[in-house]
Amino acid sequence: MEKEKADLAESEREFRMANDTMPSMTWSADANGANEWFNKEWYEYTGLTHEQASNGGWKYVFHPDDRAESAATWHRIITKREMSGLEARLRRHDGEYRWFIVRAQPHCDATGRIVRCYGAESDIDDLKRAEILLAGEKRSFEMMTTEQPLTEILDSLCQTLSVLTDASFVTIMLQDEDRRTLQPGGGHNLPEGFSDAVGGIPVGPDFGSCGTAAFRQEPVWIDDVDTDPRWDCARDLVNHFGFKACWSTPIISGRGSVFGTIAIYSNTIRSIGDRERKAIDRFSQLASFVLERKISEDALKRSEAMLAEGQRISHTGSWAWNVATDKLEWSEEHGNIFGYNVSDVGGDLKNMLERMLPEEAAFVSETMRRAVTEKRDLEFEYQATLPSGNVIQLLCTGRASTGELGEVTGYVGTTMDITERKRVVSELLKSAAHLREVQAELAHVARATTMGELAASIAHEVNQPLTGIVASGGAALRWLSRATPDVIRARESLKNVIDDGRRASEIVTRIRKMYRKEMSTVEPIGMAELIGDVISLTRGELQKTKVTLKLDIPDDLPAIPVDRVQLQQVFVNLILNAIESMRETSDRGSALTIDIKQDEELVTIGVCDNGPGIAEDRVESVFRPFETSKANGMGMGLSICRTIVENHGGQIRLVQGVVPGCRFEFTLPIELANN
C-alpha cells in the first residue's frame, strides 16, 4: 500500500512537471472541486496565486455571465462521470476576458469512485468572436428582411457588441430631425431609467462622449469619465449610474452625415484595445447600413403610400403592358376604377377588352396596336362600359419602351377616370353660356337705363335738325310763294332740309344701335370718330350742367379693332359718372378731359374730372357689381365697363392721386389691328 501511494505521488509529480511545460492551461481537482491544482500557464494567464485560486477561488475567473453554465457543466461531469465541456470567457490578469473551450474528464477507480478530475482550457477567442460577429450580422440582416422594428434591430446589434467588447451596457443614440440633440435608438443591458436620463443629450464640442463624437464626427474614447472634463456637464448622470468608461463612435452615412452614435459603457476604468476598436468599427458600419436601409425603406413606403393616395384622390391608376405576351398589370386604384383586378380574370389585355362592349374594345385595341406599329407613346380618351353597367370616361396615357432593334416592347402608363371632369366641364360650358346671356342682358338693361338718363340730351340733339328742317322748309315755301318764285334760294333751303333730315336719321340710328341687343361686331374704328359720336349723344347733358370738355387725342392714332356699340357704352358711362360727380362743384368750374396716349402695344384712354373724387372706403369696391353712390343707380355701370374692356383684351382701373377729382383709365391692344 505504501509503495502504491509512493508510485501515485511520483506519477502526480511527473504529471504536474509535464503540464507546467505545456503551452496550454491544464488543471485538476477532486470530486468536490477542492484540492485544486493548476499548471504554470494557467497561473500566468489569470495572474492568481495558489492561495487565491484555492477553495473555489478559480470560479471567479469565469465571466459573470458564464458562471452558471460552468457550475452546471461541473455538476454534469460529476453526476454522469463522463467528459464534458463548455465555451466560456476567462478573465486574464489585465482584466480582459477571452473565450476558451473548457473540457474536463473524470478519472475513476475500479469501484467507479471519482479519484480526480482533469481539465484543459484552449483559447478560441478569435474563432469565437468571429462566430459571434457573423451570427450577429446574420441576425441583423434576417431582421431587416422580415421588416422587424428598427429599435429591435438596433437592440440586437447592441447585444452582439456587448459580448464582443465585454461591456457593462451598450447604447445607440440617434440624432433628431434638427440634428441638435441625441435620442435613445437602441441598447442592451441598460440600467433602469438610463434611456430617459440620456434622452435629449445636446450635440456639441464638450457634451460627454456621444454628444462630442456626433459633433466632431470622430470617435471619442474616454477611459475614465471621472477625470475627463467633457463629462463635467453630466456628473449627476455618472454618479447615478456608476459607469467609469465610455467609448463612443459616430454612425456615419454613406453621404457623410451623422445618424447618431454607438457607445460602450464599462463599470470599471478601461482602455480600449485593438479587439474592441475593430468590433466597434465593424458594428458602427453595420449600424449605418441598417439605418440607411431602414430610412430608405421608410421613405419608399411613404412614397408608395403617397402615390397610392394620390391615385385614389385623382382616380388615376397605373398599368404596364407587355406587347409580346399581352400581359397586363395594374395598380390597386386601377382595379378600383374598373371594379375588378385584371390578374383575377386572366391577366392579359384581351381579358380586359372582353369585359367591355365590342365597339369600345375595338377602339381601344386599334388605338394601342396602331401606337405599337407607329412606335409612339399613347394618349387617348375612351369610354368603357363596366360589368356593373356603369359607363365611365377615361383618359389613357402611356410611355413606350423599346428593344435593341427599336421595336416597341411594352408600355407603362396611367388611366384617369375623367367622368366627373367631363360632367363638370359640360356644366361649366352651360353655365358660361348662361352667364354670357345674363351679362348681355345686364349690359342691355344698363344701356336702356343710360338712354333714359340721356333722354334730355337726345331730345336736344334730335330737336336741332328737326328745328332746322321746319325753318328751312318754311323758307323754301316763302321763296316759292313770291310773285316771281326764287327757285335758287328755295333749292338751297330744300337742300338744308335734306341735310338736317340725314343728321336726324344718323342720330336716331346711333340711339337705336345703342339701345338694341345686337351681336358683337369688332372692326377697326378711329377713336376720334367714336368719341365724337358719344359727345353728340351727351352734348345736351354737358351743356345743361355747364361742363367744359377738353379732348387730347393724337392725330396719328391708328384705328383700333373694337365693338363700336360696346365702347360707346363705356365712354357714355364714364362721362355721365363724371358729370354726376361734378354737380356739387360750385367753387370752381366743372371740367372733363378725355385723353389718349399710345405705345407700341397699347392705347391708354383716360377720362378725368375735377369733382370731389371717390371716397377712400369705396376705392376697393368701385368695380364690384351692385356698388353705387347714385340714389337710383343699379351699380352695374362700372362692372359692365370692366367686362367690356377685358373682353377687348384690355384693363380698366381707377387712378389714385388725382386732386381734385378722379381719373379712370383703360387700355386697348393695338396689335390686334394687324391680325
Side-chain angles (χ1 to χ4, degrees), residues 145 147 254-255 292-293 295-426 428-429:
T145 56
E147 298 185 350
R255 290 170 292 182
E292 197 131 30
R293 170 154 179 179
I295 291 172
S296 298
E297 288 178 349
D298 291 344
L300 179 60
K301 289 179 180 178
R302 287 195 299 270
S303 178
E304 290 175 343
M306 290 175 63
L307 176 61
E309 184 65 12
Q311 289 188 357
R312 186 188 66 79
I313 293 173
S314 63
H315 298 289
T316 302
S318 55
W319 53 268
W321 175 47
N322 186 301
V323 173
T325 64
D326 201 41
K327 185 70 175 178
L328 180 64
E329 300 178 55
W330 62 37
S331 66
E332 180 180 355
E333 184 58 27
H334 205 293
N336 293 337
I337 292 173
F338 279 82
Y340 63 90
N341 194 326
V342 70
S343 61
D344 295 336
V345 297
D348 294 339
L349 175 62
K350 69 178 182 63
N351 300 130
M352 183 194 90
L353 299 177
E354 288 171 353
R355 298 173 73 84
M356 299 168 59
L357 293 181
E359 60 272 20
E360 298 170 347
F363 173 76
V364 174
S365 178
E366 173 61 22
T367 302
M368 297 184 73
R369 297 296 177 184
R370 188 167 60 250
V372 173
T373 303
E374 297 174 0
K375 300 179 181 180
R376 59 176 174 81
D377 293 338
L378 284 168
E379 183 170 356
F380 64 98
E381 294 183 10
Y382 66 100
Q383 175 180 295
T385 302
L386 304 182
S388 62
N390 293 334
V391 179
I392 57 176
Q393 302 294 327
L394 302 171
L395 171 63
C396 176
T397 58
R399 177 64 59 85
S401 56
T402 57
E404 296 180 356
L405 301 178
E407 77 282 8
V408 174
T409 58
Y411 285 89
V412 175
T414 61
T415 299
M416 178 181 289
D417 185 347
I418 58 173
T419 307
E420 183 64 17
R421 182 199 296 181
K422 287 281 189 180
R423 186 193 66 78
V424 171
V425 169
S426 177
L428 286 176
L429 290 175

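For clarity, every value in this text was computed on a predicted model and none was experimentally measured.
Side-chain contact between W330 and N341 is present, with at least one heavy-atom pair separated by less than 4.5 Å. You'll find the side chain of W319 reaches within 4.5 Å of the side chain of T415, heavy atoms only. In this structure, I392 and T419 have side chains that are in contact, with non-hydrogen atoms separated by less than 4.5 Å. Here the side chains of C396 and Y382 are in contact, with some heavy-atom distance below 4.5 Å. Looking only at side-chain heavy atoms (C-beta outward), V391 and Q383 come within less than 4.5 Å of each other. The closest side-chain heavy-atom distance from V364 to M356 is below 4.5 Å. Within the 4.5 Å cutoff, the side chain of M352 has heavy atoms near those of the L328 side chain. Looking only at side-chain heavy atoms (C-beta outward), E381 and I418 come within less than 4.5 Å of each other.
E360 contributes a side-chain N or O that, together with a main-chain N or O of L357, makes up a donor-acceptor pair within less than 3.5 Å.
The two residues G317 and S331 make their nearest non-hydrogen contact at CA-OG, 3.6 Å. A400 and Y411 get closest at one heavy-atom pair: CB-CE2, 3.4 Å. Here the closest non-hydrogen pair linking S365 and L353 is CB-CD1, 3.8 Å. The minimum heavy-atom distance between G398 and D377, with the atom names listed, is O-CB, 3.3 Å.
Cation-pi contact between R355 and F338: absent, since separation from the ring centre below 6.0 Å together with deviation from the ring axis within 45° is not met.
In R399, the CZ atom is not crowded: 12 or fewer heavy atoms of neighbouring residues, nucleotides or ligands sit closer than 6.0 Å. Counted within 6.0 Å of CD on E329, heavy atoms from surrounding residues, nucleotides or ligands total 12 or fewer; the atom is thus considered open.
A donor atom on one side chain and an acceptor atom on the other are found under 3.5 Å apart for T414 and T397.
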